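Worksheet: one structure, shown below.
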Number of protein chains: 2
Amino acid sequence: MVSSTAEFTEVLSFFKALSDESRLKIVGALSSEERSVDELAGMLNLRAPTVSHHLARLKEVSLVTMRTEGTTHFYALNVDAMRDLSKRVLALKTVENIGRVVSEDAYEQKILKDFLVGERLKEIPASRKKRDVILRWLVNFFEEGKEYTEKEVSAIIAVHHPDFATLRRELICAKLLDRAKGLYWRI
Amino acid sequence: MVSSTAEFTEVLSFFKALSDESRLKIVGALSSEERSVDELAGMLNLRAPTVSHHLARLKEVSLVTMRTEGTTHFYALNVDAMRDLSKRVLALKTVENIGRVVSEDAYEQKILKDFLVGERLKEIPASRKKRDVILRWLVNFFEEGKEYTEKEVSAIIAVHHPDFATLRRELICAKLLDRAKGLYWRI
DNA sequence: CATCTAATTAGATGTATATCAAATTATGGC
DNA sequence: GCCATAATTTGATATACATCTAATTAGATG
């Protein structure tokens with residue numbers, strides 16, 4: 001089991017390696033046969049150091065291998081690595097794992113930081129998404145399994161914001177609180 | 001039948017689109033559900049314009065779609081396009097096609113070498129294929145967005161070959177130059 | 001050993017682009 | 001119609017890196 005972030009950097013390196021015109025051409029040129037640096041430079045109309053640089057980058061991610069013959073270096077496409085990497089990188093599961101790297105938590109933290117001063121709500125967010133974050137925070141001030149009168153609910157909310165009526169209604173609407181016969185409870 | 005070079009640029013764009021840390025994270029974040037620009041900005045700890053920019057790039061290559069709700073724009077991963085592109089990129093045939101792009105390039109180099117002495121054209125190639133290579137080289141002596149009189153066009157061509165009339169007509173025919181009311185410009 | 005060639009490394013330069021702040025556009029609520 | 005919010009556009013800046021030349025390394029050859 002590889003960590004999500006390790007997988008992320010691997011996938012990113014793969015894309016970076018192939019996201020350059022010259023490198024992609026090199027990979028194409030090597031798909032049929034191994035070639036020397038000089039030969040590739042001729043085909044791509046680039047100087048040798050440039051090609052050398054690109055080959056080094058491709059080698060870093062194991063996409064090519066090198067074989068020395070005298071002073072000549074023959075590079076070949078690592079077909080197995082190519083197939084393995086692309087298969088793994090392009091798998092849907094991988095994309096989902098990347099999602100894990102980006103924590104939703106970060107977003108919620110930011111909202112709370114933006115709208116709270118201590119435990120006091122500066123204002124009620126206008127956007128539904130942000131309001132939901134605040135409401136999920138707010139509902140934590142109610143014990144699970146306990147029933148409250150409307151007066152108690154309002155009092156608890158009022159600690160955090162004067163407009164308890166709106167917030168009480170929103171909590172119901174967001175299905176975080178439920179109500180029957182004048183009594184409220186957490187869902 | 002798609003041309004090799006068209007396929008090449010498509011594959012390259014795909015890799016370029018995913019070769020940035022932020023964009024890769026965005027794709028990951030969208031793998032589970034659609035999200036607003038603001039939300040993504042919060043999750044990635046970036047400003048909204050930056051995220052907007054990245055989403056535009058992802059949209060260019062059809063990797064995401066957008067849905068408007070009030071002033072909020074919800075972006076979603078285009079799973080079909082993602083799978084489609086991945087499958088194609090994965091195919092071995094694609095890599096081989098890329099190889100063909102390189103040879104085409106090399107081919108063009110050879111033509112130019114064969115028909116040019118310095119910047120002077122030895123003769124106008126008889127075969128269409130070779131003539132096209134020469135014409136694409138020739139049109140580079142015209143600035144993009146600038147308009148030329150017929151006299152100017154002829155003068156520029158004459159620097160490279162005496163038969164400017166034929167070449168001027170060929171440039172129009174190859175849709176490399178366009179003309180109206182006696183003025184010429186690059187397409 | 002001197003020299004030639006192939007490749008790499010080092011250093012310089014230019015271009016592409018990721019990012020942000022400020023300005024602008026678009027929409028919804030009052 | 002005015003204000004607030006979300007998004008985009010614009011313009012500026014800064015960083016990454018593709019490419020080149022020059023210098024260096026390493027093997028082959030006379």
Side-chain angles (χ1 to χ4, degrees), chain A residues 9 12-13 15-27 30 34-61 64-76 102 107 110-111 114-115 122-134 163 166 169-170, chain B residues 9 12-13 15-27 30 34-61 64-76 105:
Chain A
T9 51
L12 186 57
S13 312
F15 283 124
K16 273 193 196 294
L18 294 176
S19 67
D20 173 81
E21 175 172 343
S22 300
R23 281 195 293 275
L24 196 52
K25 282 183 179 171
I26 287 174
V27 167
L30 294 181
E34 65 173 14
R35 298 184 195 274
S36 71
V37 174
D38 198 44
E39 193 177 354
L40 286 168
M43 291 176 76
L44 301 183
N45 199 26
L46 292 172
R47 305 299 112 202
T50 306
V51 174
S52 208
H53 159 73
H54 287 309
L55 287 167
R57 295 207 49 181
L58 290 172
K59 199 143 154 265
E60 266 173 32
V61 291
V64 302
T65 57
M66 197 258 274
R67 177 178 75 81
T68 278
E69 193 178 304
T71 86
T72 305
H73 295 186
F74 284 101
Y75 283 85
V102 188
Y107 175 68
K110 183 171 173 299
I111 302 303
D114 285 349
F115 284 88
K122 278 193 270 191
E123 57 181 311
I124 302 175
S127 95
R128 185 188 56 75
K129 202 115 194 174
K130 291 180 183 177
R131 206 166 51 238
D132 280 353
V133 174
I134 293 298
D163 189 358
T166 298
R169 181 166 22 82
E170 289 281 353
Chain B
T9 52
L12 184 58
S13 312
F15 283 124
K16 273 193 196 296
L18 295 176
S19 66
D20 173 81
E21 176 172 343
S22 299
R23 281 195 293 274
L24 195 52
K25 281 182 179 171
I26 287 174
V27 167
L30 295 180
E34 64 173 13
R35 297 184 193 279
S36 70
V37 174
D38 196 47
E39 193 177 355
L40 287 168
M43 292 174 76
L44 301 183
N45 200 26
L46 292 172
R47 304 300 112 204
T50 305
V51 173
S52 209
H53 159 73
H54 288 308
L55 287 167
R57 294 207 49 180
L58 290 172
K59 197 143 156 267
E60 265 173 30
V61 291
V64 303
T65 57
M66 198 258 275
R67 178 177 74 79
T68 280
E69 192 178 303
T71 85
T72 304
H73 295 187
F74 285 100
Y75 284 85
D105 253 18

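Residue numbering restarts at 1 for every chain, and letters A, B, ... go by the order of the sequence lines. FYI, side chains are in, hydrogens and waters are out, and symmetry mates aren't considered; it's all heavy atoms of this structure. Fair warning: this is a prediction, and the values are worked out from it, not measured in the lab.
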Mind checking B/Lys16 for me? I need base, sugar-phosphate or nothing, with any heavy atom below 4.0 Å counting as a touch. nothing
Please give, in whole Å, the distance from C/dA18 P to B/Lys25 NZ? 14 Å
Ignoring hydrogens and angles, tell me if any N or O in the side chain of A/Arg131 forms a donor-acceptor pair with the backbone of A/Ala126 under 3.5 Å. yes
Atom CZ of B/Phe15 and atom C1' of C/dA16 are separated, to the nearest Å, by 20 Å
Pick base, sugar-phosphate or nothing for A/Tyr75, based on heavy-atom distances below 4.0 Å to the nucleic acid. sugar-phosphate
Outermost contacting nts on DNA chain D, any atom under 4.0 Å from chain B heavy atoms, listed 5' then 3', are D/dA6 to D/dT9
Given Watson-Crick or G-U pairs with both distances under 3.5 Å, what dot-bracket string fits DNA chain D, with | for other-strand pairs and [ ] for crossing? ||||||||||||||||||||||||||||||
May I ask you to test the A/Phe115-A/Glu123 pair for a side-chain heavy-atom distance under 4.5 Å? yes
Take the protein atom CD of B/Glu69 and the nucleotide atom P of C/dT27, then report the distance between them rounded to whole Å. 14 Å
Heavy atoms under 4.0 Å, any strand shown: does B/Thr68 hit a base, just sugar-phosphate, or nothing? nothing
Have a look at A/Glu123 and say if it touches a base, only the backbone sugar-phosphate, or nothing, with a 4.0 Å heavy-atom cut-off. sugar-phosphate
Looking only at non-hydrogen atoms, find the nearest pair between B/Ala41 and B/Val51 and report the distance. CA-CG2, 3.7 Å
Is the backbone N or O of A/Thr9 less than 3.5 Å from a side-chain atom of A/Ser13, with the two atoms forming a donor-acceptor pair by type? yes
Under 3.5 Å, N/O pairs linking protein and nucleotides 19-26 of chain C:
| unit_1 | atom_1 | unit_2 | atom_2 | d |
| --- | --- | --- | --- | --- |
| C/dT19 | OP1 | B/Ser22 | OG | 3.1 |
| C/dT19 | OP2 | B/Ser22 | OG | 3.2 |
| C/dT19 | OP2 | B/His54 | NE2 | 2.4 |
| C/dC20 | OP2 | B/Arg47 | N | 3.1 |
| C/dC20 | OP2 | B/Thr50 | OG1 | 2.7 |

For a side-chain contact (heavy atoms from CB on, under 4.5 Å) with B/Glu34, tell me which candidate from B/Met66, B/Arg67, B/Glu39 qualifies. B/Arg67
Please figure out whether B/Val51 or A/Ala126 has its closest DNA chain D nucleotide nearer the 5' end. A/Ala126
Contact between B/Leu30 and B/Leu40 at the side-chain level, heavy atoms closer than 4.5 Å - yes or no? yes
For the CG atom on B/Asn45, are there more than 12 heavy atoms of other groups (residues, nucleotides or ligands in this structure) within a distance under 6.0 Å? no
I need the B/His73 NE2 to B/Asp38 CG distance, nearest 0.5 Å. 12.0 Å
Could you check if a side-chain atom of B/Arg23 sits within less than 4.5 angstrom of a side-chain atom of B/Leu18, using non-hydrogen atoms only? no
Taking A/Lys16 for its side chain and B/Ser19 for its backbone only, find out whether a donor-acceptor pair lies under 3.5 Å. yes
Can you check whether A/Ile134 reaches A/Ile124 side chain to side chain, under 4.5 Å on heavy atoms? no
